[in-house]
Amino acid sequence: MEKTWRWFGPNDKITLSMLRQIGVEGIVTALHAIPNGEVWPLEQIEATRDLIADHGMRWSVVESLPVSEAIKYGGAERDRLIANYIISLENLGRAGVTTVCYNFMPVIDWIRTDLEYPLADGTSTLYFDAVRFAYFDLKILEREGAAKEYSPEMLARVEELDKTITEAERDALIDTIIVKTQGFINGNIREGDKHPVAIFKRLLAQYAGIDRDQLRENMRYFLAAIMPTCEQWGIRMCVHPDDPPFQVLGLPRIVTSEEDIAWLLEAVDHPMNGVTFCAGSLSSGAHNDVVKMAERFAARTHFVHLRSCNILEGGNFMEASHLEGRGRLIELIRIFEKERADLPMRVDHGRTMLGDEKIGYNPGYSFHGRMFALAQVEGMMAVVRDELKQ
């Protein structure tokens, strides 16, 4: 597999020169300055491609060309936004950038309640606390009907937390869930937005009446519309699984399981319609057998995220070492190394370590932590390649 790295453009504190020095072969990036729904100009695509090439690497994957909310919920602007998306795909194809990672998660991208959960060795990691997330839903959002979606035990634990949580902790929870994990990735809410809870509630309201079946149909409609362009330009579309892979905040989530992935690949059965196999997202769901899924979907996997999670008691989960956890990364490497020699792979959500916390990197995207993870994964790749030779 090709060793790639997610880079957030010229403003990223991690430079292309740094990435070249640590053995990165391909870059995963996007035109982050362009608002969702607008066309990506060919000139800007080519400039980014050439900048990366000047540093001895290639633009391997677009992550991501965002799918606008109106496409997901089927709003009045859907067809216009899909037309813009198609023009952007055409421009990417002209520039030779032909793997596009995207997601179809309504409103909110990846969810954690703690971005620097301390570990015994002095590093920190990303963490999902089910009680704190339920508290956010019930006590901060005050979402109508939310209490019906939680068990009596969970409701009691939320009430206990409500007695002790501080205003600072409430603010941190809002910042983590709504802003910090969303604002740096073409999110709906940006750093500095006033009243993020009110904005978030308005976004949720757009999905009133949209259930799993309707969201699936909207995804099928989108993919069917763009596949002729993808075929013409050889563009591989690869959907990222929902993170975490279960329903949240009353929103339908439709890329959560083996059954979901099978459905979307069959609904638009085209070789350009594929998967970003994110072992971390999938392994945070107890219902997912990640190795089995990799075996089944390897032929339609166009991009791989190698990270791993541990599921804890009470519905909590946390990022695991890349050598451990439910992701079973060496088994995935064995599967994907056989599938396609040039399959792009990136490590994901590294720990915060060795001063990373002082630099202000994007959450989950530390330098030392990901470099350490890349070394671990490179070692596993070397073992597997040696096995294949033998």
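For E144, the CD atom counts as loosely surrounded, since its 6.0 Å shell holds 12 or fewer non-hydrogen atoms of other residues, nucleotides or ligands. Taking a 6.0 Å sphere around NZ of K338, one finds it holds 12 or fewer heavy atoms contributed by other residues, nucleotides or ligands. Crowding of Y127 atom OH: a count of heavy atoms from other residues, nucleotides or ligands under 6.0 Å exceeding 12. Atom CZ of R49 sits in a crowded spot, with more than 12 heavy atoms from other residues, nucleotides or ligands closer than 6.0 Å.
Checked for salt-bridge contact, R132 and D114 miss the test: no charged N lies under 4.0 Å from a carboxylate O. Ionic pairing of D269 and R300 is present here: one or more N-O contacts between side-chain nitrogen and carboxylate oxygen are shorter than 4.0 angstrom. Between D260 and R212 there is a salt bridge, since at least one side-chain N of the basic residue sits less than 4.0 Å from a carboxylate O of the acidic one. We find that R334 and E331 are joined by a salt bridge, their nearest charged nitrogen and carboxylate oxygen being less than 4.0 Å apart. Taking 4.0 Å as the cut-off between side-chain N and carboxylate O, R216 and E259 count as a salt-bridged pair. In summary, D243 and R112 engage in a salt bridge, as defined by a charged side-chain N under 4.0 Å from a carboxylate O. Ion pairing between R220 and E266 fails under the 4.0 Å rule for side-chain N and carboxylate O.
In this structure, OG on S17 lies 10.5 Å from CG on D54, to the nearest 0.5 angstrom. Note that the NZ atom of K3 and the OG atom of S60 stand 12.0 Å from one another [nearest 0.5 Å]. Note that CG of L265 is 5.5 Å distant from CG of N273, once rounded to the nearest 0.5 Å. Going from atom CZ of F128 over to atom CG of L312 covers 11.5 Å, rounded to the nearest 0.5 Å. In this structure, CD on E2 lies 8.5 Å from OG1 on T99, to the nearest 0.5 angstrom. Note that CG of L282 is 8.5 Å distant from NE2 of H240, once rounded to the nearest 0.5 Å.
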inquiry  = Run the side-chain hydrogen bond (donor to acceptor under 3.5 Å, both in side chains) test on R307 and S281 for me, step by step, so that the C-alpha distance in whole Å, both residues' side-chain angles and the decisive distance to 0.1 Å come before the verdict.
reply    = CA-CA 8 Å; R307 64 178 176 90; S281 298; 3.2 Å; yes

ask   = Under the side-chain hydrogen bond (donor to acceptor under 3.5 Å, both in side chains) criterion, do R157 and Y135 qualify, and how do the steps go?
value = CA-CA 9 Å; R157 294 182 69 184; Y135 179 91; over 6 Å; no

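Close placement of the H349 and Y365 rings is indicated, their centers lying within 6.0 Å of each other.
At a threshold of 4.5 Å between non-hydrogen side-chain atoms, the residues V158 and Y150 do not count as touching. Using a 4.5 Å heavy-atom threshold, the side chains of V100 and H302 count as separate.
Under the 6.0 Å distance and 45° angle rule, R78 counts as a cation-pi partner of Y221.
Residue L42 comes nearest to N91 through the heavy atom pair CD1-O, 3.4 Å, listed as atom of the first residue, atom of the second, then distance.
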